[in-house]
Amino acid sequence: MTPPSLQTPVAALHWQKSSFSGGGEGNDCLELASSPTRIHLRESDTPATTLTTTPAALAQLLRGIRAGAQ
C-alpha cells in the first residue's frame, strides 16, 4: 500500500479517454490516468468514482480475460 504522503490526488491526475469510446455527444467513455505506482480508471459520467489498481494487478486481470477465465 502506498503511504498517503506519496499518493497522487485524483484531481491532479491527467485523465485520458479510451480510444474505444463511442465518440458521440454522450459521456459514455472510460478514462484512464496513471501515477508513479497506480493506474486509475473512471467513467466520464461519474468522474468522482474511481477504481485504482496497480499495473501488475491490471495486467493479471487482462491476461485472465484474454484467456477466457471467469
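Quick caveat, the model's predicted, so the values are computed rather than measured.
- Rounding to the nearest 0.5 Å places NE2 of His14 at 11.0 Å from CG of Leu32.
- Annotation: the span from Leu58 atom CG to Thr52 atom OG1 amounts to 11.5 Å, rounded to 0.5 Å.
- Among the candidates Arg38, His40, Arg42, Glu31, the single residue satisfying the side chain to side chain contact (heavy atoms under 4.5 Å, CB included) test with Leu13 is His40.
- The minimum heavy-atom distance linking Thr50 with Trp15 is given by the pair CG2-CH2, 3.9 Å.
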